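Notes follow once the structure below has been shown.
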Amino acid sequence: MTKGNLLYEGKAKSVFETSNPDELLVYFKDDATAGNGEKHGIIQGKGVMNNKISTFFFKQLKDRGIATHFIEAVSDREMLVKRLDMIKLEIVIRNIVAGSLVKRLGMAEGTPLSVPIIEYDYKSDELGDPMFNRWHIMALNLATINEMNAIEHISLSVNTIMRSILKAKNVDLIDFKLEFGRAKNGEILLADEISPDNCRFWDSETQEKLDKDRFRHDLGGVEEAYQEILNRLTL
Ligand code: 5GP
């Protein structure tokens with residue numbers, strides 16, 4: 001595998017072509033943004049930790065029958081993945097009230113939900129990732145009903161698997177964001193990353209936040225929180 005041209009520069013990751021047209025190289029950066037890019041900072045070592053945490057989750061999910069874009073980690077900060085036709089949606093799964101849901105529902109942070117909530121956000125920096133429902137998605141031809149059914153089914157399975165893995169490590173999965181793409185044969189695969197950048201992780205006993213909310217809200221101990229999650233999962 002040879003690293004090729006830069007295909008896409010994201011806020012926290014860069015994506016490169018490789019000598020194989022069906023495979024891409026994802027490079028995890030230390031850069032962090034919040035508030036739709038208004039706040040920018042560096043979380044030292046985040047790229048290395050997120051590559052390791054994502055690799056851990058993708059492997060665990062594969063072992064439990066979830067198809068993902070992950071092929072292998074090829075360096076501290078780089079992961080080889082399958083090239084997909086990405087669906088321009090963020091799928092948010094929530095188990096406990098937190099973040100933007102606090103305002104929207106007028107409920108206290110930490111309130112458990114009786115069933116998980118699935119939300120869709122349209123991936124658009126210009127529009128600030130507006131919330132979509134299935135009708136918006138169909139009207140804009142972003143995904144078919146069958147694809148949305150597959151996405152929701154996989155998302156709920158990922159939620160169940162991750163909650164059980166994390167519970168054993170004394171961590172509660174509050175909410176998280178997933179992204180999906182289409183493989184060459186049309187199969188829907190889980191893509192992007194699974195890390196403290198796109199998940200809310202709370203210590204089960206103390207409710208201490210062990211995720212990017214520490215950066216978003218200037219709580220301090222950001223690097224330590226990412227390291228704590230990596231340690232609990234892999235040590
Ligand atoms: P909220 O809507 O409460 O801000 O976010 C819900 C969950 O989805 C959180 O775990 C958050 O980390 C994740 N999430 C939502 N939007 C984004 C996004 O644009 N980027 C990342 N990395 N995560 C997001």
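Here the structure is a predicted model, which is why all the values come from computation and not from measurement.
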Testing the basics here: between [X] and [Y], what is the closest heavy-atom pair and its distance to 0.1 Å?
X	Y	answer
Pro21	Arg83	O-CD, 3.2 Å
Arg214	Ala225	CD-CB, 3.5 Å
Asn51	Ser75	ND2-O, 3.0 Å
Ala143	Ile87	CB-CG2, 4.4 Å
Lys82	Thr68	NZ-O, 4.1 Å
Ala34	Phe215	CB-CE2, 3.9 Å

List in chain and number order the residues that pass salt bridge (charged side-chain N to carboxylate O under 4.0 Å, His left out) with [X], two or more places apart in sequence or in another chain; answer none if no residue qualifies.
X	answer
Asp85	Arg182
Lys11	Asp125
Glu119	Arg94, Arg104
Asp203	Arg232

Does the [X] side chain pair with the main chain of [Y], one donor and one acceptor, at a distance under 3.5 Å?
X	Y	value
Lys46	Asp31	yes
Arg77	Tyr27	no
Ser124	Asp129	no

Output all residues satisfying side-chain contact (heavy atoms from CB on, under 4.5 Å) with Arg134, sequence neighbours left out; order by chain, then residue number.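 Partners of Arg134 by the side-chain contact (heavy atoms from CB on, under 4.5 Å) criterion, ordered by chain and then number, come out as Tyr120, Ile145, Met148, Asn149, Glu152.
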List in chain and number order the residues that pass side-chain contact (heavy atoms from CB on, under 4.5 Å) with Lys177, two or more places apart in sequence or in another chain; answer none if no residue qualifies.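 Checked Lys177 against side-chain contact (heavy atoms from CB on, under 4.5 Å); matches are Glu90, Val92, Glu179, Asp192, Asn198.
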Asp197 and Tyr226: side-chain donor and acceptor closer than 3.5 Å? yes
Lys39/Asp218 salt bridge by N-O under 4.0 Å criterion: yes
Salt-bridged, Arg163 to Asp172, with N to O below 4.0 Å? no
For atom NZ of Lys62, is the number of surrounding heavy atoms from other residues, nucleotides or ligands below 6.0 Å larger than 12?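 Not buried by this count: 12 neighbours or fewer within 6.0 Å.
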Does NE2 belonging to His153 count more than 12 external heavy atoms closer than 6.0 Å? no
Walk me through it: do Asn95 and Asp175 pass the test side-chain hydrogen bond (donor to acceptor under 3.5 Å, both in side chains)? CA-CA 6 Å; Asn95 298 306; Asp175 56 31; over 6 Å; no
Nearest-0.5 Å distance, CG of residue Asp63 to CD of residue Gln60: 6.0 Å
Quick one, Phe176 with Leu178, criterion side chain to side chain contact (heavy atoms under 4.5 Å, CB included). Give me CA distance, side-chain angles, the key distance, then yes/no. CA-CA 7 Å; Phe176 58 107; Leu178 298 177; 3.6 Å; yes
Should the pair Phe70 and Phe58 be assigned to parallel (<30°), tilted (30 to 60°) or perpendicular (>60°) ring geometry?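 Taking Phe58 first and then Phe70, their aromatic rings lie parallel (interplane angle under 30°).
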Check the angle between the aromatic planes of Phe201 and Phe57 and answer parallel, tilted or perpendicular using the 30° and 60° thresholds. parallel
Taking the side chain as C-beta and beyond, is there a heavy-atom pair between [X] and [Y] under 4.5 Å?
X	Y	result
Leu113	Ile96	no
Leu80	Glu78	no
Phe180	Ser155	yes
Pro196	Asn50	yes

Go through it in stages, so that I can follow the logic: the residues are Glu109 and Lys209, the test is salt bridge (charged side-chain N to carboxylate O under 4.0 Å, His left out), and I'd like the CA-CA distance, side-chain angles, deciding distance and then a yes or no. CA-CA 12 Å; Glu109 182 186 65; Lys209 293 178 165 64; 3.2 Å; yes
Evaluate Glu9 against Ser14 for side-chain hydrogen bond (donor to acceptor under 3.5 Å, both in side chains), listing each step before the verdict. CA-CA 5 Å; Glu9 173 99 52; Ser14 303; 3.1 Å; yes
